[in-house]
Amino acid sequence: VEFVEKTIDKFPEIEYYKILGGEPTLNKDFIKICKVLHDHNKDFIFVTNLLFDGGILNQFIDKFNLDRDEIFDKLKSLKKD
């Protein structure tokens, strides 16, 4: 988290961040990192294969007051038969 804050301070012109590599949702500080970016008004996306592990998706939705139904509808539409 400290690294993210330092990066934002050092490069304020960066407006968009991508969180990926390894499996970002398994990082113990994942939600904190997202919150730091959010609190600094930075746009971000994350790439994941394991979003549902440990309830990370629900924590993310709750933390950022996202529309749960819309997200799950979009996820269902991606499901392959």
| request: Indicate yes or no for a side-chain donor-acceptor contact from D29 to the backbone of K32 under 3.5 Å, with no hydrogens or angles considered. | output: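 No; judged by distance alone, with no hydrogens or angles, the pair does not exist.
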Heavy atoms, side chains only, cut-off 4.5 Å: are [X] and [Y] in contact?
{"X": "I31", "Y": "F60", "result": "yes"}
{"X": "N41", "Y": "E15", "result": "no"}
{"X": "L37", "Y": "I8", "result": "yes"}

| Considering residues, nucleotides and ligands other than Y16, do more than 12 of their heavy atoms fall under 6.0 Å from its OH? |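 More than 12 heavy atoms, drawn from other residues, nucleotides or ligands, come within 6.0 Å of this atom.
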| said: If you count every heavy atom of other residues, nucleotides or ligands that lies below 6.0 Å from K42 atom NZ, does the total exceed 12? | reply: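 Counting neighbours around NZ of K42, more than 12 heavy atoms of other residues, nucleotides or ligands fall under 6.0 Å, so yes.
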Please answer: with hydrophobic residues joined when any side-chain heavy atoms are less than 4.5 Å apart, are [X] and [Y] in the same cluster?
{"X": "I14", "Y": "V4", "value": "yes"}
{"X": "F46", "Y": "V1", "value": "yes"}
{"X": "V36", "Y": "F64", "value": "yes"}
{"X": "I45", "Y": "L66", "value": "no"}

| task | Under the side chain to side chain contact (heavy atoms under 4.5 Å, CB included) rule, what do I19 and F44 come out as? Steps first, then yes or no, please. | result | CA-CA 7 Å; I19 305 171; F44 63 93; 4.0 Å; yes
| Atom CZ of F30 and atom NZ of K63: how far apart are they, to the nearest 0.5 Å? |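 Going from CZ on F30 over to NZ on K63, the span is 12.5 Å.
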| message | Nearest 0.5 Å, please: how far is NZ in K28 from CD1 in I33? | response |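 Reported to 0.5 Å precision, the distance equals 9.0 Å.
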| message | If I compare all heavy atoms of V47 with all of P24, which pair ends up nearest, and what's the gap? | response |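 Residues V47 and P24, closest heavy atoms: O-CG, 3.2 Å.
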| request: Report the C-alpha distance between T7 and E5 in whole Å, list the side-chain angles of each, state the deciding distance to 0.1 Å, and finish with yes or no for side-chain hydrogen bond (donor to acceptor under 3.5 Å, both in side chains). | output: CA-CA 5 Å; T7 301; E5 291 172 334; over 6 Å; no
